[in-house]
> 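This structure is in structure tokens; I'll ask about it shortly.
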Number of protein chains: 2
Amino acid sequence: MMHSDNPTLAEKLATAIADGILNGTLRPGLRLDETGLAQQHGVSRTPVREALRQLTMSGLIDMRPRKGAIVSKATPEQVESLFVAMAEMEATCARLAAMSMTPVERRRLQARHEAMTALAGAGDPDAYSNANVAFHSAIYAGAHNAPIAEYTLGLRRRVGPFRRAQFQVEGRLTKSNQEHDAVVRAILSGDAAGAHAAMLHHVGLVEDAFEAFAGIKVA
Amino acid sequence: MMHSDNPTLAEKLATAIADGILNGTLRPGLRLDETGLAQQHGVSRTPVREALRQLTMSGLIDMRPRKGAIVSKATPEQVESLFVAMAEMEATCARLAAMSMTPVERRRLQARHEAMTALAGAGDPDAYSNANVAFHSAIYAGAHNAPIAEYTLGLRRRVGPFRRAQFQVEGRLTKSNQEHDAVVRAILSGDAAGAHAAMLHHVGLVEDAFEAFAGIKVA
DNA sequence: TTGCCTGATATTGCATACAAGCAGCCTGCC
DNA sequence: GGCAGGCTGCTTGTATGCAATATCAGGCAA
């Protein structure tokens, strides 16, 4: 996405900090002290500042002049917005994929889906989860639209921390696979509207699963 | 979007450079020399570097380590992708707006639309164009989804330089207004799929107008 | 003439130094 | 006892200096 052959310190710091945020090491609301980060990574403040400014644009941190940077903490409404946005973008990708995928891409998508059906039948949540990521990525790529695909990928990264342990829910595996089936059929047949609706349904259900999960946690 | 009460030099530089790119002063492919920009704005290289790194994320410029920054020049395919993405995002906003707009927002949208109908009848392209921007912005806001709305706004800014003089085309004004009518009706009636389709149709036609225009220019 | 190597130049990347603004506290006054 | 004002320390914002690398011109050899 943003990788360069010979990443600079600022870029490496940006990915390091982003990783820290995404895997939960850097908690939302945490103050990102420039000097502290610099010492912690053994560099000067300059690349740290550049990394922070870069991360600001992706929404991972919030900077206010003269008041420093903090890990942007999402209110429940903002998390909800992220999930809604995610669903819409996934659906859009599916729509575009139905219109734009090449025959080769369509065949590969089908093969991928069939392999996942087998995994779902075997009941292997871990393998299925990995394959699932690749499945959705294939659809992003199949949209043949760099801005949309990149934004969707970025959203997926951002919502990642909030959607752990989806496939542990009983029966979610086969249900997910059935929904995938609808998506794949629509895409393969070039049914743009159908792909949009099917993906929306699919991701919407995932979101509901999250909400149920969150509700349990809160309660 | 990103404005602060007391903008730093880096932020002011970022907006200044972005303006320069968007209004055509800074041509695509132009090398953005840090020292030059610093002298030109009467500051040191440090805030310039931060501004450039910030702009990198929005896609306006491309930075490669040790090779400096250039105004990102879009190939025709990339411009096409931007327009497609724009259309999809507009349609998504319309879809969400149909589902999420409050009664007040719906009434205001209708009023806005009626005012634009009058402008179209009067044949005032300039006033119509301004109102058009506000009309679409109202729909973004009506989506009630910050990530989607902000991304769509950013896209509109980016495609701006490529879509000048849309409403000069004969008959475009009334046609645009008719399409708006379909969009507004769908949104007001809560018809999500209809709003999506109507907006897609609307923005798709605008894109075609651009392509015709570009074709003429090239030919 | 063409290709490659080599050195000079210029530009970027990073570190350090300096200036400016905010936070919290302490003191003095009401 | 409470509050206003100022002061101190810390953090951010900006400038400058140094090191490393890409670019390009020129020369040399094939």
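Quick note on labels: first sequence line is chain A, next is B, and so on, each numbered from 1.
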> Rounded to whole Å, please give me the gap between CG in Leu37(A) and P in dC14(C).
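My rounded result for the distance is 15 Å.
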
> When you get a sec, tell me which of dT12(C), dT12(D), dT14(D) is the closest nucleotide to the side chain of Thr35(A)?
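Of all the options, the side chain of Thr35(A) is nearest to dT12(D).
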
> For the backbone of Ser81(A) and the side chain of Asn145(B), can you confirm whether one donor and one acceptor N or O come within less than 3.5 Å of each other?
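Side chain of Asn145(B) to backbone of Ser81(A): a pair is present.
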
> Could you tell me the separation between the CD1 atom of Ile61(B) and the CZ atom of Arg53(B), rounded to the nearest 0.5 Å?
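Spacing of CD1 (Ile61(B)) from CZ (Arg53(B)) equals 9.5 Å.
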
> Out of dC14(C), dT12(C), dG13(D), which nucleotide sits closest to the side chain of Arg66(B)?
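Looking only at side-chain atoms, Arg66(B) lies closest to dT12(C).
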
> From dG13(C), dC14(C), dA17(C), pick the nucleotide closest to the side chain of Pro47(A)?
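Of the options given, the side chain of Pro47(A) lies nearest dC14(C).
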
> I want to verify a distance call: between dT14(D), dA15(D), dT12(C), whose nearest atom is closest to the Glu34(B) side chain?
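The answer is dT12(C), which lies nearest to the side chain.
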
> For Ser137(A) and Arg156(A), what are the C-alpha separation, side-chain angles and deciding distance, and is it a side-chain hydrogen bond (donor to acceptor under 3.5 Å, both in side chains)?
CA-CA 10 Å; Ser137(A) 295; Arg156(A) 186 171 69 184; 2.8 Å; yes

> What's the closest nucleotide to the Leu9(A) side chain, out of dA15(C), dG13(D), dT16(D)?
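Selected nucleotide (nearest to the side chain): dA15(C).
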
> Distance check needed: dT11(D) P versus Arg64(A) CZ, whole Å only.
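After rounding, the reported distance stands at 18 Å.
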
> CG of Leu32(A) versus P of dC10(D): gap in Å, rounded?
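It is 20 Å, rounded to the nearest whole Å.
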
> If you measure only the distance, is there a donor-acceptor pair under 3.5 Å linking the side chains of His201(A) and Glu179(A)?
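Checked: His201(A)/Glu179(A) side chains show no N/O donor-acceptor pair below 3.5 Å.
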
> Taking OP1 and OP2 of dG13(C), is either one under 4.0 Å from a side-chain nitrogen or oxygen of Arg49(B)?
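Yes, within the criterion.
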
> Return the value, rounded to whole Å, for the distance between atom NE2 of His41(A) and atom C1' of dA15(C).
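These atoms are roughly 17 Å apart.
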
> Between Lys67(B) and Arg53(A), which is nearer to the 5' end of DNA chain D once each is assigned its nearest nucleotide?
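Closer to the 5' end of DNA chain D: Arg53(A).
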
> Measuring from the side chain of Asp33(B) (C-beta onward, heavy atoms only), which nucleotide among dC14(C), dT11(C), dG13(D) has the closest atom?
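Of the candidates, dT11(C) comes closest.
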
> Separation of Glu50(B) atom CD from dG13(C) atom C1', in whole Å?
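After rounding, the gap between these two atoms is 13 Å.
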
> Has the side chain of Thr46(A) got a donor or acceptor that lies under 3.5 Å from a partner of the other kind on the base of dT16(C)?
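Donor-acceptor pair under 3.5 Å: yes.
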
> To the nearest 0.5 Å, what is the distance between CD on Gln54(A) and CG on Leu60(A)?
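Nearest 0.5 Å value for the CD-CG distance: 11.0 Å.
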
> Whole angstroms only, please: what is the CZ-C1' distance between Arg45(B) and dT11(C)?
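It is 7 Å, rounded to the nearest whole Å.
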
